[in-house]
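A short write-up of the structure that comes next.
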Amino acid sequence: MQKSIERVAGDSEGVAYEFPVFRFEGKDKAAPSAYLQAALHAGELPGVVAIDALMPMLAKAEAEDRIKGPITIVPWANPIGRAQYHFGEHQGRFNLGTRTNFNRSFPLLAAPDARLLPDVSLGGADRRLKNRLVQLSLGADIVLDLHCDDEGLAYLYIHTSLWPQMADCAAAMGAEAVLLWSEDNTGTFEGASIVPYQNVPTSVARFDRRVVTTVEYRGMLDVDGALAASDAEGLYRLLVTRGVVQDSSVPKFGKFAGPVVPLENIDMMPAPRAGAILYDVKPGDRVRKGDRLATIVHTPGEVDGRTEVFAPQSGFILTRRSRRIIRAGEDLLKLAGDDRSGDARSGTLED
Ligand SMILES: [Zn+2]
């Protein structure tokens with residue numbers, strides 16, 4: 001395994017950002033290659049500790065000459081966000097200088113060719129970082145971007161062109177649900193990793209062996225040794241299943257049996273009032289149309305001081321907020337519905 005340090009120039013003299021990249025060499029030219037990154041949203045740490053738990057497994061495989069395809073690992077993908085604190089609170093989701101979401105505005109290339117990347121020498125540090133992450137990952141057969149939600153199940157975003165071929169990956173990783181999406185106009189990292197393959201010859205696109213997913217490892221607070229160990233095992237199983245690592249001792253696992261939900265079915269449930277949230281449901285709960293999901297206490301102690309929110313359709317709770325304060329119009333939770341949502345925003349990749 002080789003470690004190198006990537007350096008991204010900052011936007012003023014004396015400022016630069018660094019992040020480490022680990023590379024395992026593959027011994028078999030025909031084997032698929034893999035790229036894993038975590039903490040692009042810099043405060044989302046379940047994937048960081050999962051990679052930490054995965055590394056000794058890969059080191060053992062390397063020592064035993066079982067790494068077949070090359071593996072690139074970026075455990076802290078966002079040194080800019082990692083360093084951002086505002087009044088003592090970490091801010092890892094948006095660039096404070098530009099208000100841009102760190103997982104938006106990635107270049108969506110017409111083909112998997114790094115020469116098509118835009119010139120970002122004067123584009124700002126976060127655009128330089130995004131270009132570099134695309135360069136590091138482009139061409140890998142397997143691209144995993146490890147995130148987490150506020151509070152949620154372990155679920156995967158997968159582009160429709162890769163489903164159901166990726167069902168083995170969802171099973172290997174122990175995902176509890178899969179969300180299928182088809183359009184990305186915002187430039188997520190996942191979009192930047194799959195859009196370049198949409199209009200190229202089949203021999204280049206290789207959708208039979210391509211894996212691209214945003215992995216949502218539950219919630220922000222699910223940074224835990226036991227979960228990290230089981231998530232690392234899931235990542236390892238995926239690498240073995242897809243032939244990147246050789247390991248005959250990995251036990252067989254069943255088919256993916258969880259729900260597969262088109263993004264059009266997600267109800268985001270905007271809060272009708274600002275206040276304190278009393279949830280009736282948690283991630284994983286099954287609900288029926290008309291069930292109460294939450295009560296907003298907006299004018300405490302007064303008659304009519306509460307507003308209840310009900311399920312617009314039947315389905316299950318995918319995520320909810322980790323904090324209990326909310327403004328009117330902010331989303332209360334994600335309800336994965338059995339049918340198409342009436343909410344026009346539901347079709348977007350909302351990581
Ligand atoms: Zn995220």
Side-chain angles (χ1 to χ4, degrees), residues 19 35-52 73-86 89-96 98-106 108 126-127 129-130 132-134 136-137 143-159 170 173 175-181 184-194 211-224 227-228 231 234-235 261 263 266 268 283 318-323 330-334 336 345-351:
F19 62 98
Y35 172 90
L36 285 74
Q37 73 175 25
L40 176 58
H41 284 141
E44 300 177 1
L45 304 185
V48 172
V49 293
I51 284 178
D52 182 61
I73 299 188
V74 180
W76 286 108
N78 182 359
I80 303 171
R82 191 180 175 186
Q84 285 189 158
Y85 283 80
H86 190 232
E89 280 206 39
H90 183 244
Q91 303 287 337
R93 189 171 179 79
F94 294 89
N95 183 317
L96 289 180
T98 62
R99 299 185 181 186
T100 305
N101 187 321
F102 283 115
N103 194 20
R104 299 290 186 279
S105 304
F106 275 89
L108 298 170
D126 64 338
R127 291 189 67 204
L129 173 67
K130 286 167 188 174
R132 191 66 194 119
L133 294 175
V134 170
L136 286 166
S137 57
V143 176
L144 307 179
D145 188 18
L146 311 183
H147 286 249
C148 69
D149 215 293
D150 247 21
E151 282 184 22
L153 300 180
Y155 67 99
L156 307 178
Y157 285 103
I158 296 177
H159 190 262
M173 296 178 78
E176 294 167 282
V178 166
L179 265 59
L180 295 182
W181 64 278
D184 178 9
N185 304 315
T186 61
T188 60
F189 178 78
E190 182 176 349
S193 306
I194 188 68
V211 170
V212 177
T213 176
T214 306
V215 181
E216 300 286 350
Y217 274 139
R218 311 172 198 84
M220 292 290 279
L221 294 181
D222 294 320
V223 183
D224 170 273
L227 288 174
D231 289 340
L235 293 167
V261 183
L263 276 193
I266 300 290
M268 305 281 281
L318 186 68
T319 70
R320 67 179 187 183
R321 296 171 76 87
S322 53
R323 299 191 186 193
E330 287 184 317
D331 298 320
L332 272 169
L333 51 77
K334 287 180 193 162
R345 298 170 304 150
S346 64
T348 53
L349 207 171
E350 189 55 44
D351 161 71

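Keep in mind it's a predicted model, so treat the numbers as computed, not measured. All residue numbers refer to positions in the sequence shown, counting from 1. In listed order, ligands and their atoms are each counted from 1. Because only heavy atoms are used, hydrogens play no part in the values below, and waters and symmetry mates are left out as well, while side chains stay in.
Residues Glu151 and Thr319 fail the side-chain proximity criterion, which asks for heavy atoms closer than 4.5 Å. The side-chain heavy atoms of Lys334 and Asp149, taken from C-beta on, include a pair separated by under 4.5 Å.
Listed by chain and number, His41 ND1, Glu44 OE1, Glu44 OE2, His147 ND1 are the protein N/O/S atoms closer than 2.8 Å to the Zn ion (ligand 1), with waters left out.
A search for salt bridge (charged side-chain N to carboxylate O under 4.0 Å, His left out) contacts involving Arg93 returns Glu44, not counting sequence neighbours. In this structure, Glu176 has no salt bridge (charged side-chain N to carboxylate O under 4.0 Å, His left out) partners at least two apart in sequence or on a different chain. Applying the ring-ring contact (aromatic ring centres under 6.0 Å, His included) rule to Phe189 yields the partners Phe106; only residues at least two apart in sequence or on another chain are considered.
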Checking Asp224 against Arg218 for the salt bridge (Lys or Arg N to Asp or Glu O under 4.0 Å) test, could you report, in this order, the C-alpha distance in whole Å, the side-chain angles of both residues, the deciding distance, and whether it holds? CA-CA 11 Å; Asp224 170 273; Arg218 311 172 198 84; over 6 Å; no
